[in-house]
Amino acid sequence: MPELPEVATVIRTVETHLLGRRLIEVRCFTKKSWARSTRRAAGQLIHEVRRYGKFILIGLDDGLLAIHLGMTGKLLAGAERGAYTRAVLVLDTGEVLFDDVRQFGSVRWLRQAPGHLGPDALEISAEEFAGRLRTRKARLKALLLNQAFLRGLGNIYADESLFRAGVHPLAIAARLSPKRALKLHKAIREVLFDAIAKGGSSISDYVDANGSQGSFQTEHRVYQRTGEPCLSCGAPIRRILVAQRATHYCPKCQRV
DNA sequence: TGGAATGTTCGGCT
DNA sequence: AAGCCGAACATTCC
């Protein structure tokens, strides 16, 4: 559920419930290591809530809480605890739940933001983006999913960005012309900004902190449209595997 | 019943 | 060494 636009939406809807509040404690129900790590967060004031790639960083007096939503994670304000509640942020004014069906998400206390992540997909300049592509021989789809190369994109927005740029997912990064590299950079920004404006994509069960769905899924042009006609040329959308992930593209509009 | 699902990480191979 | 592959994590849905 969570790529950059979904994480941005969760933050927008949850920060009002967190900013300026005191975190009494973090109750963790599944992973021992979370409980050990988050003990350090107890009793601290929340100074900021920000996005770092796909991480939600909650700034405290000392260090921060780093929440990753994994595949099915949610932050819910003012909701009832349920079978999939894996952790609870107990505040002086209420609770924020961390629900996660598949348990790929995480909640940890960290001294500072996680390392080894590349530049943010919305902060990188066109020139830097093109420069980074030039040194890589990997296939573009794999590179866009690699958080150490660029942070924030996931499977949906990588496919949607490549389609909008007219670039084939198997194209080798270093062989992209400067013109096409700039086009891809622009496509990434447009897709992400549009998706944020629509509150993200609700595919199976993504909701924001208030339980509201996003609506960008209706704007998807290739993601999970296998066999359906390309919205710009009519050719059937194709699905292949790249980096072990389903990859959707138009064989006519996207060239290598 | 098997496969696929918005993600990350790790070990092994070329 | 960079890049790729498969497996692993856990659960639901079709």
Side-chain angles (χ1 to χ4, degrees), chain A residues 1-11 28-34 51-56 66-75 82-87 98-108 110 113-118 121 132-163 169-175 188 191-192 194-196 198-208 213-227 239-248:
Chain A
M1 99 200 228
E3 300 182 32
L4 187 155
E6 289 76 30
V7 174
T9 303
V10 168
I11 287 174
C28 302
F29 304 118
T30 45
K31 299 252 177 27
K32 274 250 167 62
S33 60
W34 294 5
R51 185 183 62 74
Y52 184 78
K54 298 178 192 171
F55 283 90
I56 296 164
I67 298 178
H68 197 294
L69 300 176
M71 207 74 125
T72 54
K74 308 173 184 179
L75 276 189
Y84 304 121
T85 301
R86 312 297 184 188
F98 176 62
D99 281 24
D100 185 12
V101 172
R102 286 176 68 185
Q103 298 182 226
F104 288 172
S106 62
V107 181
R108 281 172 299 160
L110 299 175
H116 24 65
L117 271 67
R132 285 174 74 81
L133 286 181
R134 228 177 299 129
T135 66
R136 298 297 206 109
K137 293 196 175 74
R139 300 171 295 187
L140 268 173
K141 172 66 186 284
L143 210 47
L144 294 182
L145 290 177
N146 182 349
Q147 303 298 296
F149 176 77
L150 188 70
R151 79 178 110 101
L153 286 191
N155 212 30
I156 299 174
Y157 300 102
D159 282 3
E160 294 296 322
S161 299
L162 287 167
F163 174 79
L170 295 180
I172 301 302
R175 298 231 282 260
I188 289 171
V191 167
L192 294 178
D194 283 359
I196 290 171
K198 299 234 166 185
S201 302
S202 285
I203 304 210
S204 66
D205 63 349
Y206 158 75
V207 289
D208 66 22
Q213 300 198 333
S215 64
F216 193 73
Q217 63 279 6
T218 64
E219 310 290 317
H220 293 175
R221 299 186 191 165
V222 288
Y223 183 76
Q224 285 191 346
R225 292 195 63 246
T226 309
R239 179 189 186 277
I240 58 175
L241 270 190
V242 186
Q244 320 289 108
R245 308 296 301 278
T247 296
H248 315 77

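Numbered from 1 within each chain, the chains take letters A, B, ... in sequence-line order.
Following rounding to the nearest Å, A:Lys31 (NZ) and B:dT9 (C1') show an atom-to-atom distance of 13 Å. Going from atom CZ of A:Arg102 over to atom P of B:dT8 covers 12 Å, rounded to whole Å. For the pair A:Arg151 CZ and B:dG7 P, the computed distance is 16 Å after rounding to whole Å. Rounded to an integer number of Å, the gap from NZ of A:Lys74 to P of B:dG7 is 16 Å. In this structure, A:Leu144 atom CG and B:dG7 atom P are separated by 12 Å, rounded to whole Å. Residue A:Ile203 contributes atom CD1, which lies 16 Å from atom P of B:dA4 at whole-angstrom precision. If you take CD of A:Gln244 and P of B:dT9, they are 16 Å apart, rounded to a whole angstrom. The distance between atom CZ of A:Phe149 and atom P of B:dT8, rounded to the nearest whole Å, is 15 Å.
Remark: the separation of the P atoms in C:dA10 and B:dC10 is 16 Å, to the nearest Å. B:dA5 and C:dC4: their C1' atoms are spaced 22 Å apart (whole Å). When the P atom is compared between B:dT8 and C:dA1, the two are found 25 Å apart, to the nearest whole Å.
A search for ring-ring contact (aromatic ring centres under 6.0 Å, His included) contacts involving A:Phe163 returns nothing, not counting sequence neighbours. Qualifying side-chain contact (heavy atoms from CB on, under 4.5 Å) partners for A:Ser204, counting only residues two or more places apart in sequence or in other chains: none. Legend: residues meeting salt bridge (charged side-chain N to carboxylate O under 4.0 Å, His left out) with A:Lys54, ordered by chain and number and at least two apart, are absent. Contacts of A:Glu219 classified as side-chain hydrogen bond (donor to acceptor under 3.5 Å, both in side chains), with partners at least two apart in sequence or in another chain: A:Lys198. Applying the side-chain contact (heavy atoms from CB on, under 4.5 Å) rule to A:Arg225 yields the partners A:Glu228, A:Pro229, A:Leu231, A:Ile237; only residues at least two apart in sequence or on another chain are considered. Partners of A:Ala174 by side-chain contact (heavy atoms from CB on, under 4.5 Å), not counting sequence neighbours: none found. Under the salt bridge (charged side-chain N to carboxylate O under 4.0 Å, His left out) criterion, A:Arg51 pairs with A:Asp120, not counting sequence neighbours. A:Arg175 meets the side-chain contact (heavy atoms from CB on, under 4.5 Å) test with A:Ile172; sequence neighbours excluded.
The distance from atom CD1 of A:Ile240 to atom CG of A:Leu170, rounded to the nearest 0.5 Å, is 4.0 Å.
Within the 4.0 Å cut-off from OP1 or OP2 of B:dG7, not a single side-chain nitrogen or oxygen of A:His68 is found.
Residue pairs meeting the salt bridge (charged side-chain N to carboxylate O under 4.0 Å, His left out) criterion with at least one member in residues 133-150 of chain A, sequence neighbours excluded: A:Lys141-A:Asp159.
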Fill in: side chain to side chain contact (heavy atoms under 4.5 Å, CB included) between A:Leu69 and A:Phe98, intermediate numbers included
CA-CA 9 Å; A:Leu69 300 176; A:Phe98 176 62; 3.8 Å; yes
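Using a 4.0 Å heavy-atom distance criterion, A:Gln147 is classed as a sugar-phosphate-only contact. At a threshold of 4.0 angstrom between heavy atoms, the contacts of A:Tyr157 with the nucleic acid are absent.
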Could you go over nucleotides 11-14 of chain B and give all protein N or O partners under 3.5 Å, atom names and distances?
none

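Side chains of A:Tyr206 and A:Glu3: no donor on one and acceptor on the other come within 3.5 Å.
Interface limits on DNA chain C: the 5'-most and 3'-most nucleotides within less than 4.0 Å of chain A heavy atoms are C:dG3 to C:dT12.
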Worksheet item: Pairs counted as Watson-Crick or G-U wobble with both distances under 3.5 Å: what dot-bracket string results for DNA chain C, using | for bases tied to another strand?
Response: .||||||||.||||
